[in-house]
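What follows is a set of notes on a single structure, which appears directly below.
Start at 1 with the first residue, then count along the sequence.
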Amino acid sequence: SMNLAASLATLEKKVLLVDADPQANASSGLGVDVSEIDCSIYECIIDHADPRDAIYTTDIEGLDIIPSHIDLVGAEIEMLNLPNREKVLTGILSPMKSEYDYILIDCSPSLGLITVNALTADAVIIPVQCEYFALEGISKLLNTIKIIKSKLNPSLEIEGFLLTMYDSRLRLANQIYDEVKKHFQELVFKTVIQRNVKLSEAPSHGLPVILYDTDSTGSKNHLALAKEIIEKDK
């Protein structure tokens, strides 16, 4: 989502990336030193801090971020006592919807309360790694989405399934691609994110891949994805 956010901003969209993963990879990958920040998404959720105090600019014009913090690991337990606990993130971000073209929430693959909060937003992009257990994970997630749609957020839509870590030379990758395509048809993004060394190197330099190596496959894939999303939303 860090690379998608950077690509959308490069295409002149105003983007807010909300890092709701305790590992804070999106934050550090965009050059935010999480040990130096005063206000993160954690303070917004637990201490009712003003989310505008948690917005940091990045090196990409048009891309802002609300960073994460390791304290978010314990936030799910603290959130149990909050009223409307499944919709805390929506409440925090709603006032800013008019200020951004896109608000992206990056969350961990675990289906805890933070992820449920993210799923009370408008749409979800489901990344599918082209690896052996990928399809098992999809069925669990789809079940969660079904529950959230029926109980919390009837308007939740699947924006699309995104094939990642794709290597066309591997039979398994092609089998998973065919399987996902067969089941979900037009919900599968035309763009696939191919395996790419630059993609894995970029975060350690505190840069999205588009700044780290503009001509790399990872960079081109994410720009193509951003264009596809913009086209879909027209």
Side-chain angles (χ1 to χ4, degrees), residues 1-11 13-42 44 54-73 75 89 100 102-110 112 114-115 118 124-131 133-134 137 141 159-167 173 189 191-229:
S1 64
M2 165 187 82
N3 288 310
L4 172 57
S7 298
L8 286 165
T10 303
L11 295 170
K13 298 294 177 185
K14 187 97 176 81
V15 184
L16 175 64
L17 177 59
V18 181
D19 189 354
D21 184 341
Q23 288 188 28
N25 291 337
S27 303
S28 54
L30 284 170
V32 177
D33 184 345
V34 286
S35 63
E36 294 286 306
I37 57 172
D38 298 318
C39 192
S40 71
I41 194 64
Y42 174 81
C44 299
I55 293 174
Y56 292 77
T57 55
T58 70
D59 287 341
I60 294 183
E61 194 180 341
L63 175 56
D64 294 341
I65 184 168
I66 295 182
S68 179
H69 196 277
I70 192 63
D71 287 350
L72 213 53
V73 169
L89 262 183
Y100 291 93
Y102 291 93
I103 296 179
L104 305 183
I105 305 170
D106 185 56
C107 46
S108 75
S110 70
I114 300 275
T115 304
V124 57
I125 292 174
I126 300 173
V128 182
Q129 288 188 359
C130 291
E131 289 175 345
F133 291 111
L141 184 56
E159 179 84 5
F161 291 85
L162 175 66
L163 276 292
T164 68
M165 299 178 77
Y166 180 73
D167 185 340
F189 284 109
T191 306
V192 295
I193 309 296
Q194 290 159 277
R195 272 191 191 278
N196 180 238
V197 175
K198 301 293 182 187
L199 260 181
S200 42
E201 284 177 0
S204 63
H205 295 267
L207 291 169
V209 71
I210 204 159
L211 288 188
Y212 180 63
D213 187 343
T214 312
D215 294 324
S216 68
T217 303
S219 190
K220 287 171 182 166
N221 288 168
H222 280 91
L223 264 176
L225 175 64
K227 284 175 184 166
E228 194 176 341
I229 287 170

Partners passing side-chain contact (heavy atoms from CB on, under 4.5 Å) against [X] (at least two apart in sequence or in another chain):
X      : answer
Asn3   : Leu199, Pro208, Val209, His222
Leu11  : Leu223, Ala226, Lys227, Ile230
Val73  : Pro22, Ile70
Thr115 : Cys107, Ser108, Leu111, Leu119

By salt bridge (charged side-chain N to carboxylate O under 4.0 Å, His left out) - contacts of [X] (at least two apart):
X      : value
Asp21  : none
Asp213 : Lys198
Asp167 : Arg169

Apply side chain to side chain donor-acceptor pair (under 3.5 Å) to [X] and list each qualifying residue two or more places apart in sequence or on a separate chain.
X      : answer
Ser27  : Asp19
Glu131 : Arg195
Gln194 : Asn221

[atom1]/[X] to [atom2]/[Y] distance, rounded to the nearest 0.5 angstrom?
X      : Y      : atom1 : atom2 : value
Leu104 : Leu8   : CG    : CG    : 6.0 Å
Ile103 : Lys14  : CD1   : NZ    : 10.5 Å
Leu162 : Ile193 : CG    : CD1   : 5.0 Å
Ile229 : Glu159 : CD1   : CD    : 5.5 Å
Ile65  : Leu16  : CD1   : CG    : 8.5 Å
Ser7   : Lys220 : OG    : NZ    : 13.0 Å

Side-chain contact test, heavy atoms from C-beta onward, threshold under 4.5 Å: evaluate it for [X] versus [Y] and give yes or no.
X      : Y      : answer
Leu17  : Ser1   : yes
Tyr100 : Asp64  : yes
Ser216 : Asn196 : yes
Ile125 : Phe189 : yes
Val34  : Ser68  : no

Heavy-atom pair with the smallest gap, counting every atom of [X] and [Y]:
X      : Y      : result
Pro67  : Ile37  : CG-CD1, 3.5 Å
Ile114 : Ala20  : CG2-O, 3.3 Å
Cys130 : Leu163 : SG-CD1, 3.4 Å
Met2   : Leu207 : CE-O, 4.2 Å

Q | Asp59, CG: over 12 other non-hydrogen atoms inside 6.0 angstrom | A |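 Count not over threshold, so no.
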Q) Within a radius of less than 6.0 Å around CD of Gln23, do more than 12 heavy atoms belonging to other residues, nucleotides or ligands occur? A)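 Not buried by this count: 12 neighbours or fewer within 6.0 Å.
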**Q.** Residues that Tyr212 engages under ring-ring contact (aromatic ring centres under 6.0 Å, His included), provided they are two or more places apart
**A.**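 Listed in chain order: His205.
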Q: Please identify each residue that fulfils ring-ring contact (aromatic ring centres under 6.0 Å, His included) with Phe161, with sequence neighbours left out.
A: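 Checked Phe161 against ring-ring contact (aromatic ring centres under 6.0 Å, His included); matches are Phe184.
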Q.
Quick one: does any side-chain atom of Ser219 pair with a main-chain N or O of Asp215 as donor and acceptor, under 3.5 Å?
A.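 A pair under 3.5 Å: no.
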